[in-house]
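Working notes for the structure below.
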Amino acid sequence: QVQLVESGGGLVQPGGSLRLSCAASGIIFSRYAMGWYRQAPGKQRELVARILNEGSTDYAESVKGRFTISRDNAKSTVYLQMNNLKPEDTAVYYCSPLSLAYWGQGTQVTVSS
């Protein structure tokens, strides 16, 4: 079965950085475009970054220039480097193949002074 395990979240001050990782199993990882999503309390889950099979990337306007998505197909892992974090980035972050409705447990990111 498909498993997605997110890690790397935590508490960080505004302006700080975090690197999230998501290890996937149960799929042929290299065949799937992958996305990082986030869900803040009381809000809908939103797609913040995606990376296609061949490596091209796309970002939500709210994170463009601050977040970088990357992938390592040999490790079946997708990453999200988050710089210059803002309080509004506080959310649970999830990864998922764009074309499949599978979710892991997520990793909490809290940006607060």
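Quick caveat: nothing in here was measured; it's all calculated off a predicted structure.
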What one should report as the nearest heavy-atom pair of L4 and P97 is CD1-CD, 3.9 Å
Search all heavy atoms of L52 against all heavy atoms of A33 and return the closest pair with its distance.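 Heavy-atom minimum between the residues: CD2-CB, 3.7 Å.
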Does the ring centre of W36 sit less than 6.0 Å away from the ring centre of Y79?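 No, the ring of Y79 stays outside the 6.0 Å limit from the ring of W36, centre to centre.
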Can you establish whether the number of heavy atoms outside Q44 located under 6.0 Å from its atom CD is more than 12?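 For Q44, atom CD is not crowded (no more than 12 foreign heavy atoms under 6.0 Å).
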[atom1]/[X] to [atom2]/[Y] distance, rounded to the nearest 0.5 angstrom?
X	Y	atom1	atom2	answer
N84	S17	CG	OG	8.0 Å
N53	N73	CG	CG	8.0 Å
I27	S99	CD1	OG	8.5 Å
S21	E6	OG	CD	10.5 Å
Q1	Y102	CD	OH	9.0 Å
S112	D89	OG	CG	12.5 Å

Determine, using the 4.5 Å side-chain heavy-atom cutoff (strictly less than), whether [X] and [Y] are members of one ILVMFWY cluster.
X	Y	value
V2	Y93	yes
Y94	M82	no
W103	V78	no
L20	L98	no
L100	I69	yes

For the residue pair T110 and V12, establish whether any side-chain heavy-atom pair is separated by less than 4.5 Å.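 Side-chain contact under 4.5 Å: no.
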Kindly say whether [Y] contributes a backbone atom to a donor-acceptor pair with the side chain of [X] at under 3.5 angstrom?
X	Y	result
Y59	R66	no
Q13	V111	no
E46	Y37	no
T77	K75	yes

Test V48 against every option in R38, E61, K64 by the side chain to side chain contact (heavy atoms under 4.5 Å, CB included) rule and name the one that passes. R38
Distance-only donor-acceptor check, side chains E88 and T90, under 3.5 Å: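 No, T90 and E88 have no side-chain donor paired with an acceptor closer than 3.5 Å.
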Has R71 got its NZ or CZ under 6.0 Å from the middle of the six-membered ring of F29, at an angle within 45 degrees of the ring axis? yes
Can you list the steps and then say if L18 with V109 is a side-chain contact (heavy atoms from CB on, under 4.5 Å)? CA-CA 9 Å; L18 285 173; V109 171; 3.9 Å; yes
